[in-house]
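Reminder, nothing fancy here: chain letters follow the sequence lines and each chain counts from 1. Below, all heavy atoms of this structure are taken into account, side chains as well, without hydrogens, waters or symmetry copies.
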Number of protein chains: 2
Amino acid sequence: MPEVSANAEPIPITIPRRLDPEDAQLALQKLQVLFKREEVVEALADKAEDDERANLLDGALQRQLENEIREVIQGLHPADIAFILESLPVEPRQLVWRLVGPDQAADVLLEVDDWARESLIESMDRQDLVAATGTMDADEIADLVPDLPPDVVAEVQKGLTEEERAQLIAAMGYPEGSVGAIMDFDMVRVREDVSLEVVLRYLRRLHELPDHTDQIFVVDRQDRLQGVLPLTTLLVSEPDSDVSEVMNTDYLTLGPLDEDTEAASGFERYDLVSAPVIDDQGRLIGRVTIDEVVDVIQEDSQEQALSRAGLQEEDIFAPVISALRNRAPWLLVNLCTASTASFIASRFEDTVSHIVILAFLMSIVAGIGGNSGNQTMTMIIRALAVGRVTGSNIWQLIKRELSVTFMVGACGSIVTGAFAWVISGSAAIAAVMMAAMIGNMLIGAALGVLIPLLRDRFGKDPAVGSSVLLTFATDSLGFFIFLGLATVFLL
Amino acid sequence: MPEVSANAEPIPITIPRRLDPEDAQLALQKLQVLFKREEVVEALADKAEDDERANLLDGALQRQLENEIREVIQGLHPADIAFILESLPVEPRQLVWRLVGPDQAADVLLEVDDWARESLIESMDRQDLVAATGTMDADEIADLVPDLPPDVVAEVQKGLTEEERAQLIAAMGYPEGSVGAIMDFDMVRVREDVSLEVVLRYLRRLHELPDHTDQIFVVDRQDRLQGVLPLTTLLVSEPDSDVSEVMNTDYLTLGPLDEDTEAASGFERYDLVSAPVIDDQGRLIGRVTIDEVVDVIQEDSQEQALSRAGLQEEDIFAPVISALRNRAPWLLVNLCTASTASFIASRFEDTVSHIVILAFLMSIVAGIGGNSGNQTMTMIIRALAVGRVTGSNIWQLIKRELSVTFMVGACGSIVTGAFAWVISGSAAIAAVMMAAMIGNMLIGAALGVLIPLLRDRFGKDPAVGSSVLLTFATDSLGFFIFLGLATVFLL
């Protein structure tokens, strides 16, 4: 674990396997037990008629509890403490947070998810905040700035060097989701005309290398990137050879305004640990490391999963009202689309009143169209995400989806046809049912391809909202086709 | 990029930014244009009455095409070639594959997704396969074995050293999804009683270090892991200090039978680049590197996205029939659940025949229950995934979800109530509608918590199948509650 390793003093042997998510799990459960017990005891204490004694009791219990908590969290890695804080309701979270040592506070603040960080910062007083933030790098401070009180930011800025202040301002300038927003400034630079011997001596003088340093950057006098020197190459090459002889000129470079997801796909494809970020003059301005990239990948997939249900990241312990804001909008949209669909269906009231059984079959037609369209859409969104869809193979994809859907529909319609026949006792109704179902499934497939493609073409995230649109179409049209056919052929 | 960097010879300067996914995109589009043109030309050639000349023409065109393809793919990174192969239909894919140089064949085979690998291996003759596989490490061969013809495996085994053969057999023994299945054997070992000077000389003699070597492993005479020595520490520490003084004893260790997703969460949380794998005697048997972990994370999130639509990874260019096998089962299940739901509803035929408008309102009640339950379920699955749900906070979660849902339902029911009143003109129907909707949403919320929890408790993936179950329940019960209430209060 580089944070620890990077300093050269011998590290005292601690509990073996201290880096273990299971330890964090265990600690979390211990804490939950503590807080449970606390509730019970307090309930009792409140019952004690003598307030004087009750308060004394409370104070004692409080101190005991705090000691027990310290015992549980001490020796845990900051990332584990962050996990525990995220997993506790707000009150216990803030209590535990107050007991986290000042030496770890900064690391923990950087590790916790944004939604949890707020509640932590709220519960800190100004000096502690300044102290914690003061130890951070410019790029780390930049990540926190949105959550920090302005006066704290001002205070911290005073403590920065000229260079750091410039970096902070630069880092704050890059938009969310850009490479600039995830890059750091901890780079080791060397010139190409020096020998590896010199480089080795230079590194030794640094006493510590930045986390995730797998390569050092070779720049010219104008700070333009000339190549990269992997540490592995440095270690196996002859010390008297020059940097230029062994450096690697075959590397991925990023621009500060590239999308972070692009950077991620580059890291994935080429199995990188770090990559240089250069400006349009080719000057080295930062680097991106794999740990940031992994976070990007994770957040990306989580956002997708949540957005499919119309949600954003939510503190599962936050007050109900905030959850309301998170969930209501999407549900209301669905409500409106569903109402529109059923309004369309209600235009066929006359038909349904003659053949009531249609009322119970129409939802099947609508549903299956949505489900099969959803399968198609998932496939297309995947293909778009990996960049497999290009202008020249779109028609191929559409043709394929339609034929697949038709075949699936044909098989499925036999099942539904049989079902319709059984409960309606009418072959005609069964026939209409089968035709409507296949028709609606084809519509679902066509939209399943087109909706994400169009959203993508207009620079919108293909996933978000697509499913709502799709279900709306397959519901409304499902009702319309089925009841329409019924009106024409069965009345 | 370690593959290239690890060897110490100077690398000839090539096209700058050669590592760039966009280059791959570009190459793919060029190839697609080539193949389009090819189709047209061949169509013309077939028209040429004189077969003799047509064949000659064909041959010439074929050679020209192949040269053009070589031009496009030459100099591309193996991972880029893999992407291109994955993005082409089977025939062009195999044509391009035949033109990939033997020096890159092995790397490309290892980079392509499993579903594409088959079609590549099919199109290779025995010798080429043996040649390509022969250059691989034991753990890499193990990944390929399932796709390789047995005689090729036998042939390749002959070429391995005793140690490699043992590693191959070990690697093949670990189940899919275990740490053993993603670990490699390329570890650098040192003893703790030697000086860093000695270590540095030792490394130099190796001439090349394995990819993603960010730390070397400190073992005793029984090969038991004593600590890790990060390269960064090695580089900044005084050469005359002993390994034991500077080594890091604070690291994550994995067991070969741990789940790969566990390993992934460890890498994520502690920002690791590599981690040692030890057996139960504490002996070092392998290591896991971040590139494998990133693949695990990606596949995991992709599988989740696909499984939500009842799909598996699918070659979007594979024949329609294979897609059928992928999609039909889930749709049939949905069809059956939908039919059951509408059968339940049809028990109220009498009610609906009296108040036809109910037929158009019931689908709204069913739908909103599913949607809101789906939101709850997404939240719970997230919380389960990160290990935030523990026995002691389940009830808290259920209470919270129910109250959130109730509040959302209360707001939403006003909208639907109004809608129902407008199209039915009856306040009574509106009231029944509102009650049924809130009731069904609460059922959805309760199931949205319970279904994933139970599946998780019984060791099943909480995501897969949960949504089908949920929709089934909210549809059936939605119909039942709404029409039931209507029967009781409106007739």
Side-chain angles (χ1 to χ4, degrees), chain A residues 1 4-5 8 10 13 19 21 29 32 79 87 203 207 209 230-233 235-237 245 248-250 252 265 269-271 290-291 301 309 316 320 323-324 327-328 334 338-339 342 345-346 349 352-353 356 359-360 363-364 367 371 374-375 378 383 388 390 392 403-404 407-408 412 419, chain B residues 1 4-6 8 10 13 19 21 29 32 79 87 203 207 209 230-233 235-237 245 248-250 252 265 269-271 290-291 301 309 320 323-324 327-328 334-335 338-339 342 345-346 349 352-353 356 359-360 363-364 367 371 374-375 378 383 388 390 392 403-404 407-408 419:
Chain A
M1 184 205 124
V4 176
S5 66
I13 309 240
L19 296 196
Q29 278 160 27
Q32 284 167 330
S87 308
L203 293 183
H207 292 303
L209 295 184
L231 297 188
T232 48
T233 308
L235 283 165
V236 296
S237 309
E245 295 171 39
N248 184 353
T249 56
D250 210 8
L252 174 74
S265 63
R269 186 171 294 179
Y270 307 122
D271 299 339
I290 185 70
D291 54 324
S301 75
I316 55 172
V320 172
L324 209 60
R327 306 190 188 186
N334 276 285
S339 306
S342 70
S346 67
E349 184 164 0
V352 176
S353 61
V356 178
F360 311 111
S363 57
I364 301 178
N371 286 328
N374 184 28
Q375 286 192 327
T378 310
R388 204 157 284 159
T390 63
S392 60
S403 42
V404 172
M407 290 180 69
V408 181
F419 174 76
Chain B
M1 182 205 126
V4 177
S5 66
I13 309 241
L19 296 195
Q29 278 160 23
Q32 284 167 331
S87 307
L203 292 183
H207 292 303
L209 295 183
L231 297 188
T232 47
T233 308
L235 283 165
V236 298
S237 309
E245 296 170 36
N248 185 351
T249 56
D250 212 7
L252 173 74
S265 64
R269 187 172 293 178
Y270 307 123
D271 299 340
I290 184 70
D291 54 324
S301 76
V320 171
L324 209 60
R327 307 189 188 188
N334 276 284
L335 218 42
S339 304
S342 70
S346 67
E349 183 163 1
V352 176
S353 61
V356 178
F360 310 111
S363 56
I364 301 178
N371 286 329
N374 184 27
Q375 285 191 326
T378 309
R388 202 157 285 157
T390 62
S392 60
S403 42
V404 171
M407 290 181 69
V408 181
F419 174 76

Please state whether the side chain, the backbone, both or neither of B/L235 comes within less than 4.5 Å of a heavy atom of chain A.
->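 Both backbone and side chain.
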
Is chain A contacted by the side chain of B/S353, its backbone, both, or neither, given a heavy-atom distance below 4.5 Å?
->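 For B/S353, heavy atoms of backbone and side chain both lie under 4.5 Å from chain A.
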
Using a cut-off of under 4.5 Å for heavy-atom pairs, which of A/N371, A/I290, A/T378 has the most such pairs with chain B?
->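 Ranked by heavy-atom pairs under 4.5 Å with chain B, first place is A/N371.
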
Contact class of [X] relative to chain B, heavy atoms under 4.5 angstrom:
{"X": "A/Q375", "result": "both"}
{"X": "A/A345", "result": "both"}
{"X": "A/L203", "result": "both"}
{"X": "A/S346", "result": "both"}

Heavy atoms, side chains only, cut-off 4.5 Å: are A/F419 and B/L335 in contact?
->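 No, side chains not in contact.
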
Can you check whether B/L324 reaches A/V408 side chain to side chain, under 4.5 Å on heavy atoms?
->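 Sidechains of A/V408 and B/L324: in contact.
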
side-chain hydrogen bond (donor to acceptor under 3.5 Å, both in side chains) with B/S342: which residues, sequence neighbours excluded?
->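 side-chain hydrogen bond (donor to acceptor under 3.5 Å, both in side chains) list for B/S342, sorted by chain: empty.
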
With sequence neighbours left out, what residues match A/R388 under side-chain hydrogen bond (donor to acceptor under 3.5 Å, both in side chains)?
->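 Checked A/R388 against side-chain hydrogen bond (donor to acceptor under 3.5 Å, both in side chains); matches are B/E86, B/S87.
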
When only pairs under 4.5 Å are counted, which of B/S339, B/A328, B/G367 shares the most heavy-atom pairs with chain A?
->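 The option with the most such pairs is B/S339.
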
Most chain A-contacting option - heavy-atom pairs closer than 4.5 Å, from B/S403, B/P21, B/A383 =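 Most pairs with chain A among the choices: B/P21.
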
Nearest-0.5 Å distance, [atom1] of residue [X] to [atom2] of residue [Y]:
{"X": "B/N334", "Y": "A/N374", "atom1": "CG", "atom2": "CG", "result": "9.5 Å"}
{"X": "A/L209", "Y": "B/T232", "atom1": "CG", "atom2": "OG1", "result": "5.5 Å"}
{"X": "B/S265", "Y": "B/Y270", "atom1": "OG", "atom2": "OH", "result": "8.0 Å"}

